[in-house]
Amino acid sequence: MEVYSCDCSADVVLFLDNRHCLSCGKTVGFDPRSLTLQPLLPARDGLWRSARGETYRFCQNHARLDACNWLVPANSPHAFCGSCRLNEVIPDLDVDSHLPLWRTMEQAKRRCLITLARLALPLVAMIGGQTVPLRFRFLVDATAESHFREPLTREKVLTGHQSGMITINLAEADVVARHEQREALGESYRTLLGHFRHEVGHYYWDVLVANYPDRLQSFRELFGDERAEYGQALETHYRQGHPARAASSPEYISYYAASHPWEDWAETWAHVLHMLDTLETAGSYGIAVKELDTDLQNLDPFLIRSAPDLLRRWKALTLALNGLNRSLGMDDPYPFVLTSQVEAKISFILTLLWQQIDAGATNPFYGG
């Protein structure tokens with residue numbers, strides 16, 4: 001993500017989910033059309049005006065629940081912003097413990113959506129001859145082992161994707177519950193943002209690969225044949241037990257990626273989004289990395305059209321990140337090794353994304 005500043009001073013840093021400038025107190029909101037955080041002044045009838053003279057109102061989830069800081073154009077017929085309108089089901093907010101977790105869930109979703117917007121990826125697409133929108137359900141377990149005492153659903157919620165519908169268990173927004181799951185599955189990396197990026201990857205496989213015979217053939221050469229029985233593949237994966245006891249393979253970015261070609265794609269796709277977002281943030285902060293003589297200052301990775309260049313910068317940055325964490329006595333934030341096989345998969349995904357942008361696709365939130 002880019003680093004934002006208030007118009008009171010270029011030295012005042014604003015973060016993506018800020019509601020106010022901590023220096024001057026001015027209200028700020030995120031405009032998904034321009035992908036910028038806007039300092040605002042009050043206007044008439046509860047509206048807000050930016051320095052550019054544009055008039056907005058806040059998403060309805062802002063004033064009512066303090067769960068969103070996205071803006072809606074004043075002339076829009078929508079009460080909710082472009083992010084919140086993608087929600088099909090949210091948790092029962094009458095349960096006190098659900099609201100803070102849902103706020104955390106929405107923060108991760110918005111960050112994921114901003115990256116999709118930077119990549120000009122559609123939020124509604126034709127798949128198999130049908131119009132399929134991307135949408136979300138945030139549900140809660142009802143099993144005896146559930147982290148939650150007053151559930152919304154009647155069964156165990158499995159995080160996943162089906163026909164554009166992404167379901168995420170609200171427990172993933174709880175740090176303790178997520179850490180327990182990470183340890184139980186032997187995962188070196190498990191984050192809420194990572195879930196969003198992984199699951200939207202399944203949707204964009206349908207959008208960018210499934211209906212293109214040449215791309216599908218290239219996909220199968222790199223990732224394998226997705227026609228392999230999916231349910232059986234996952235059952236086999238989980239039956240094998242803790243990944244520490246399984247032989248690692250240089251072909252995959254993660255242990256889970258080895259379970260099925262679709263999961264290999266989704267894990268690698270999520271990794272590409274991690275890479276682009278983090279490199280953009282590093283560039284916004286003007287970070288320079290001595291290793292490999294790589295300068296990330298003012299780098300916009302979304303404008304680069306060379307996978308080797310991106311990967312070279314990424315490796316230099318992650319070496320520095322891991323080194324910094326080790327100096328603090330903490331685990332590596334980047335516990336991955338990029339082999340030549342994995343880099344080939346990353347390059348394939350990057351090429352598809354570049355083709356999408358260069359074909360003239362635009363920010364899906366531009367219309368408000």
Between [atom1] on residue [X] and [atom2] on residue [Y], distance to nearest 0.5 Å:
| X | Y | atom1 | atom2 | value |
| --- | --- | --- | --- | --- |
| Ile357 | Thr362 | CD1 | OG1 | 11.5 Å |
| Leu71 | Ser34 | CG | OG | 8.5 Å |
| His198 | Trp265 | NE2 | CH2 | 12.0 Å |
| Leu350 | Thr268 | CG | OG1 | 11.0 Å |
| Ser259 | His237 | OG | NE2 | 5.5 Å |
| Leu22 | Leu14 | CG | CG | 7.5 Å |

Shortest non-hydrogen contact between [X] and [Y], atoms and distance:
| X | Y | answer |
| --- | --- | --- |
| Pro301 | Leu279 | CG-CB, 3.9 Å |
| Leu134 | Val200 | CD2-CG1, 4.3 Å |
| Tyr252 | Val342 | C-CG2, 3.6 Å |
| Val140 | Pro91 | CG2-CB, 4.3 Å |
| Ala210 | Leu216 | O-CD2, 4.2 Å |
| Leu65 | Arg103 | O-NH2, 2.8 Å |

Please examine the side chains of [Y] and [X], heavy atoms only from C-beta on, and report whether any two atoms are closer than 4.5 Å.
| X | Y | value |
| --- | --- | --- |
| Val132 | Met126 | no |
| Pro364 | Pro122 | no |
| Met105 | Ile168 | yes |
| Leu338 | Ile253 | yes |
| Leu116 | Tyr204 | yes |
| Leu139 | Leu170 | no |
| Val209 | Phe223 | no |
| Trp205 | Phe219 | yes |

Considering only NZ, NE, NH1 and NH2 on the basic side and carboxylate oxygens on the acidic side, decide whether [X] and [Y] come within less than 4.0 Å.
| X | Y | answer |
| --- | --- | --- |
| Asp66 | Arg19 | yes |
| Arg52 | Asp31 | yes |
| Glu343 | Lys315 | yes |

**Request:** For ring-ring contact (aromatic ring centres under 6.0 Å, His included), just list the numbers for Phe348 and Trp269, CA-CA rounded to whole Å, side-chain angles, deciding distance to a tenth of an Å, and then say yes or no.
**Result:** CA-CA 10 Å; Phe348 174 71; Trp269 170 278; over 10 Å; no

Hydrophobic cluster identity match, [X] and [Y], side-chain contacts under 4.5 Å:
| X | Y | result |
| --- | --- | --- |
| Leu121 | Trp354 | yes |
| Trp314 | Phe336 | yes |
| Leu192 | Leu16 | yes |
| Leu324 | Leu317 | no |
| Met165 | Leu123 | no |

Within a reach of under 6.0 Å around [atom1] of [X], are more than 12 heavy atoms found that belong to other residues, nucleotides or ligands?
| X | atom1 | value |
| --- | --- | --- |
| Asp331 | CG | no |
| Gln232 | CD | yes |
| Gln130 | CD | no |

**side-chain contact (heavy atoms from CB on, under 4.5 Å) assessment of Glu251 paired with Thr339** = CA-CA 7 Å; Glu251 298 178 33; Thr339 64; over 6 Å; no

**Request:** Start with the C-alpha distance between Gln38 and Val28, add both sets of side-chain angles, then the distance that settles side-chain contact (heavy atoms from CB on, under 4.5 Å), and finish with yes or no.
**Result:** CA-CA 5 Å; Gln38 294 287 330; Val28 298; over 6 Å; no

Is a donor on one side and an acceptor on the other found under 3.5 Å between the side chain of [X] and the backbone of [Y]?
| X | Y | answer |
| --- | --- | --- |
| Asn18 | His20 | no |
| Asn69 | Cys59 | no |
| Glu229 | Gly231 | yes |
| Thr159 | Asn169 | yes |

**Request:** Evaluate the salt bridge (Lys or Arg N to Asp or Glu O under 4.0 Å) criterion for residues Asp358 and Arg305: first the C-alpha distance (whole Å), next the side-chain angles of each, then the deciding distance (0.1 Å), finally the verdict.
**Result:** CA-CA 10 Å; Asp358 295 341; Arg305 293 296 183 270; 3.2 Å; yes

**Request:** Assign the ring pair Phe136 / Phe196 to parallel, tilted or perpendicular, where the plane angle (0 to 90°) is split at 30° and 60°.
**Result:** tilted

**Prompt:** So Tyr4 and Phe30, would you call those rings parallel, tilted or perpendicular, with 30° and 60° as cut-offs?
**Reply:** perpendicular

**Request:** Test Asp45 against Arg57 for salt bridge (Lys or Arg N to Asp or Glu O under 4.0 Å), laying out the working first.
**Result:** CA-CA 10 Å; Asp45 301 327; Arg57 63 175 174 274; over 6 Å; no

Taking atom types as modelled, is there a side-chain donor on [X] or [Y] under 3.5 Å from an acceptor on the other?
| X | Y | result |
| --- | --- | --- |
| Arg215 | Gln355 | yes |
| Glu54 | Tyr56 | yes |
| His161 | Glu199 | no |
| Asn87 | Glu106 | yes |
| Thr191 | Tyr189 | yes |
| Tyr230 | Glu263 | yes |
| Ser83 | Arg110 | no |
| Glu226 | His260 | no |

**Request:** Could you check His271, Glu267, His274 and say which one makes a side chain to side chain donor-acceptor pair (under 3.5 Å) with Arg197?
**Result:** His274

**Message:** Please evaluate residues Glu172 and Arg178 with respect to the criterion salt bridge (Lys or Arg N to Asp or Glu O under 4.0 Å), reporting the C-alpha separation (whole Å), side-chain torsions for both, the decisive distance (0.1 Å), and the verdict.
**Reply:** CA-CA 5 Å; Glu172 295 291 350; Arg178 187 173 65 250; 5.1 Å; no

**Asked** Within 45 degrees of the axis of the six-membered ring of Phe302 and under 6.0 Å from its centre: does Arg118 put its NZ or CZ there?
**Response** yes

**Message:** Is the distance from the ring center of Trp70 to that of Phe80 below 6.0 Å?
**Reply:** no

**Prompt:** How far apart are the C-alpha atoms of Asn325 and Tyr334, what are their side-chain angles, what is the distance that settles it, and do they pass the side-chain contact (heavy atoms from CB on, under 4.5 Å) test?
**Reply:** CA-CA 10 Å; Asn325 259 38; Tyr334 189 74; over 6 Å; no

